[in-house]
2 protein chains.
Amino acid sequence: MPVTIKDVAKEAGVSPSTVSRVISNHPRISPQTTAKVKKIMDELGYHPNMLAKSLVMQKSKTLGIILPRPAEELFVNLFFSEFIRGIVAQASRIGYDLLMTSGVTQMDEADAITKLVKGKKVDGIIILTSRKKDPVIKLLQEMKFPFVVIGRSDEFENILSVDNDNIKAATDVTNYLISIGHKRIGFVSGPAHLIVSQDRLTGYTEALKAAQLETKPEWIVEGEFLQESGYLAMSSIMSLENRPSALIVTDDLVAYGVLRGLTELGYKVPEDISIISFNNITISELTNPPLNSVEIGIYQMGYTASQLLIRSIEDGVDSKRELIPHRIITRQSCAPLLEK
Amino acid sequence: MPVTIKDVAKEAGVSPSTVSRVISNHPRISPQTTAKVKKIMDELGYHPNMLAKSLVMQKSKTLGIILPRPAEELFVNLFFSEFIRGIVAQASRIGYDLLMTSGVTQMDEADAITKLVKGKKVDGIIILTSRKKDPVIKLLQEMKFPFVVIGRSDEFENILSVDNDNIKAATDVTNYLISIGHKRIGFVSGPAHLIVSQDRLTGYTEALKAAQLETKPEWIVEGEFLQESGYLAMSSIMSLENRPSALIVTDDLVAYGVLRGLTELGYKVPEDISIISFNNITISELTNPPLNSVEIGIYQMGYTASQLLIRSIEDGVDSKRELIPHRIITRQSCAPLLEK
DNA sequence: TTGAAAGCGCTAACAA
DNA sequence: TTGTTAGCGCTTTCAA
């Protein structure tokens with residue numbers, strides 16, 4: 001039998017409401033009573049029933065997240081762990097937990113979310129991937145329920161989001177290559193329906209334009225966030241007559257595929273071609289040569305998202321875009337291009 | 001304003017209990033009423049408040065998991081994502097969600113667990129890492145609260161657990177090397193306080209003994225689940241006079257460190273030395289050469305753990321050890337050793 | 001400073 | 001087959 005507030009009250013010779021007040025540090029309560037009640041709580045091993053509390057308080061102190069689908073979002077997977085750690089670390093600090101769920105067989109994300117929201121199991125929701133015209137964002141927006149998206153929405157301006165400045169990041173990367181002498185720069189992009197793909201591509205294009213460098217459609221290849229895509233992209237690009245001297249790749253795993261293909265074909269990196277990619281996952285320092293990559297601060301994104309969402313729940317802030325700084329990690333996959 | 005069971009009742013002209021019965025498919029309820037109530041529920045967009053339901057039912061339909069500490073359990077990290085996916089997939093199917101929490105700064109795992117359990121936020125708990133004399137297992141055992149451990153307990157026999165047969169797996173690996181001609185086999189182990197380390201080491205030792213092969217203390221090196229450990233282990237082992245012709249490594253990441261060091265020193269794998277490791281994480285097929293590794297079925301472990309725990313919650317089964325089969329993945333890091 | 005009582009939204013005897 | 005009622009464990013007016 002669990003010990004309730006009534007048991008404590010009876011044992012301490014006070015009323016349940018007094019015990020309740022002690023629990024929540026109510027200001028107007030005598031030190032003696034407080035001490036007495038606290039002692040009894042310890043003795044009895046009392047812990048408040050959070051369900052009951054949540055029911056009357058109308059809030060669960062819980063954040064919700066929908067587990068991304070396996071195949072579709074492999075991308076997210078590779079740093080899922082670090083991301084979750086960021087969320088939970090911050091949430092726990094403020095007394096929130098994280099509830100994870102997923103759409104069952106036929107039931108999609110939208111239903112899973114509705115269930116959480118209307119079922120009052122969570123006070124806010126974190127959306128992991130932002131696709132173009134994301135229906136989930138629209139749903140949450142309509143329900144006027146607190147949520148934060150990782151990435152950004154192409155439809156709604158005034159929402160809570162945590163993102164990298166992917167356009168800027170891609171611009172920086174492009175300029176970095178330009179600064180070490182490259183003039184022909186290719187781009188291996190990710191799935192077009194993801195906003196992150198779109199933004200990075202934009203940054204690349206803009207940087208080339210600004211530098212008045214040549215841009216060719218065949219230098220841009222789109223693929224999945226898979227090693228194979230890198231391999232394919234590589235072979236398509238290397239077979240060009242006038243091929244790039246440097247390649248920007250949208251993700252480390254893809255870059256690994258590129259690297260692998262290059263090695264197989266007998267090319268040397270960075271002597272024959274320079275490679276730089278995004279996300280800086282574990283693997284990027286393990287490749288041969290170690291990959292230059294853009295650190296995007298996954299843990300911090302999780303941490304910040306959590307923080308922003310909780311603030312939104314508690315203070316009602318519901319429109320803010322937080323940008324997590326990125327940073328180019330220089331390793332050995334890029335080399336200066338000497339004039340010739 | 002959320003729509004409650006009362007609103008539905010009033011609108012449908014029935015009592016709240018009737019609505020409740022419709023929700024839970026009570027057998028004795030007329031088709032007409034059912035239809036009418038369901039219609040109203042749809043119209044009003046009704047969803048049951050799970051907190052209220054949980055409060056009266058005394059169960060939350062939620063599983064709990066404590067996020068492993070960063071540094072200590074890097075090991076778990078690498079397949080965290082796949083593991084969680086397994087848990088959530090199965091849990092969702094049966095209508096359970098997963099609640100994640102972590103010890104705040106000073107507050108340790110035990111407190112976090114007590115809070116979840118006594119606070120009634122979860123119906124059962126999944127323990128991710130099993131250390132020797134794990135205090136958390138003891139705590140849960142004492143509270144008589146449903147839980148399942150991934151791995152096994154060295155103290156308690158009669159608990160719920162999902163594990164690989166790590167002793168057998170290590171035996172299999174050792175025998176595999178023996179079968180292709182190796183007689184001098186080394187072992188790079190993990191942290192001694194983890195049961196998985198202990199079991200794999202045991203399996204290795206037993207297999208050698210059974211084959212009446214030589215075993216030398218200096219062929220066994222213990223380290224962390226880190227690349228660096230592999231590097232260190234490698235240099236210690238390769239500097240021996242009579243060194244092994246094959247190495248069993250406790251984890252792919254560590255094996256990567258070994259591989260790297262070997263390459264740096266000019267050794268060739270598998271010509272100069274064969275390497276095989278455990279866990280079969282993404283990285284193991286990306287190395288050069290691709291690593292032979294033991295697939296341990298992480299997703300399935302999560303899935304099974306979830307299943308076992310829910311069964312325990314609902315039917316009271318509380319003592320069962322489920323073994324997930326392992327399987328050696330043959331790639332290019334092992335070569336037969338010819339007699340000489 | 002403390003207590004009594006009502007109620008959060010739901011389920012489940014018991015009665016009808 | 002359906003309704004009435006009590007109560008899950010907590011918070012919070014209102015009164016004392």
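Just so it is clear: chains get the letters A, B, ... in the order the sequence lines come, proteins before strands, and each one is counted from 1. Atoms considered below: every heavy atom in the structure, side chains included; atoms not considered: hydrogens, waters and symmetry mates.
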**Request:** Please check the phosphate of C/dT11 (OP1 and OP2 only) for any side-chain N or O of B/Ser20 closer than 4.0 Å.
**Result:** yes
**Request:** Send over the distance from B/Arg21 CZ to C/dC10 P, rounded to a whole Å.
**Result:** 15 Å
**Complete:** In whole angstroms, the gap separating C1' of C/dC10 from NZ of B/Lys61 amounts to 15 Å
**Request:** Could you tell me whether the phosphate oxygens of D/dT11, OP1 or OP2, come under 4.0 Å of any side-chain nitrogen or oxygen in A/Gln58?
**Result:** no
**Asked** Can A/Asp134 and A/Arg131 be counted as an ion pair, charged N to O under 4.0 angstrom?
**Response** yes
**Request:** Whole angstrom is fine here: how far is it from NZ in A/Lys118 over to C1' in C/dG9?
**Result:** 15 Å
**Request:** Using a heavy-atom cut-off of under 4.0 Å over every strand shown, decide if B/Ser30 touches base, sugar-phosphate, or nothing.
**Result:** sugar-phosphate
**Request:** Report the distance from atom CZ of B/Arg28 to atom C1' of D/dG3, rounded to the nearest whole Å.
**Result:** 15 Å
**Message:** From CG of B/Leu51 over to P of D/dG7, roughly how many Å is that when rounded to an integer?
**Reply:** 22 Å
**Message:** Using a 4.0 Å heavy-atom cut-off, does A/Leu55 contact any base of the nucleic acid, only the sugar-phosphate backbone, or nothing at all?
**Reply:** base
**Prompt:** Is the closest basic N to carboxylate O distance between B/Lys121 and A/Asp97 below 4.0 Å?
**Reply:** yes
**Complete:** Taken to the nearest whole Å, NE2/A/His47 to P/D/dC10 is 12 Å
**Request:** Compare the minimum distances between each of C/dC10, C/dT1, D/dG9 and the side chain of B/Ile5, then state the nucleotide with the smallest one.
**Result:** C/dC10
**Prompt:** At under 4.0 Å between heavy atoms, what does B/Thr33 touch on the DNA or RNA strands: base, sugar-phosphate, or nothing?
**Reply:** sugar-phosphate
**Complete:** Contacts of B/Ala52 and B/Val14 projected onto DNA chain D by closest heavy atom; the upstream (5') one is B/Val14
**Prompt:** What is the distance, rounded to the nearest whole Å, between atom CG of B/Asp7 and atom C1' of C/dC10?
**Reply:** 13 Å
**Asked** How long is the line joining NZ of A/Lys6 and P of D/dT11, in whole Å?
**Response** 13 Å
**Charged N-O contact under 4.0 Å between B/Asp123 and B/Lys61** = no
**Request:** Please state whether the phosphate of C/dT11, meaning OP1 or OP2, lies under 4.0 angstrom from any side-chain nitrogen or oxygen of B/Ser24.
**Result:** no
**Asked** Does any N or O donor sit under 3.5 Å from an N or O acceptor when you compare the side chain of B/Ser17 with the base of D/dT4?
**Response** yes
**Request:** Let me know, please, whether B/Thr18 or A/Thr4 comes out on the 5' side of the other along DNA chain D by nearest nucleotide.
**Result:** B/Thr18
**Request:** Under 4.0 Å between any heavy atoms, over every strand shown, what does A/Met57 touch: base, sugar-phosphate, or nothing? Just pick one.
**Result:** sugar-phosphate
**Single hit among B/Leu99, B/Thr101, B/Ile313 for side-chain contact (heavy atoms from CB on, under 4.5 Å) with B/Val122** = B/Leu99
**Item:** Under-4.0 Å salt bridge between B/Lys39 and B/Glu43
**Value:** yes
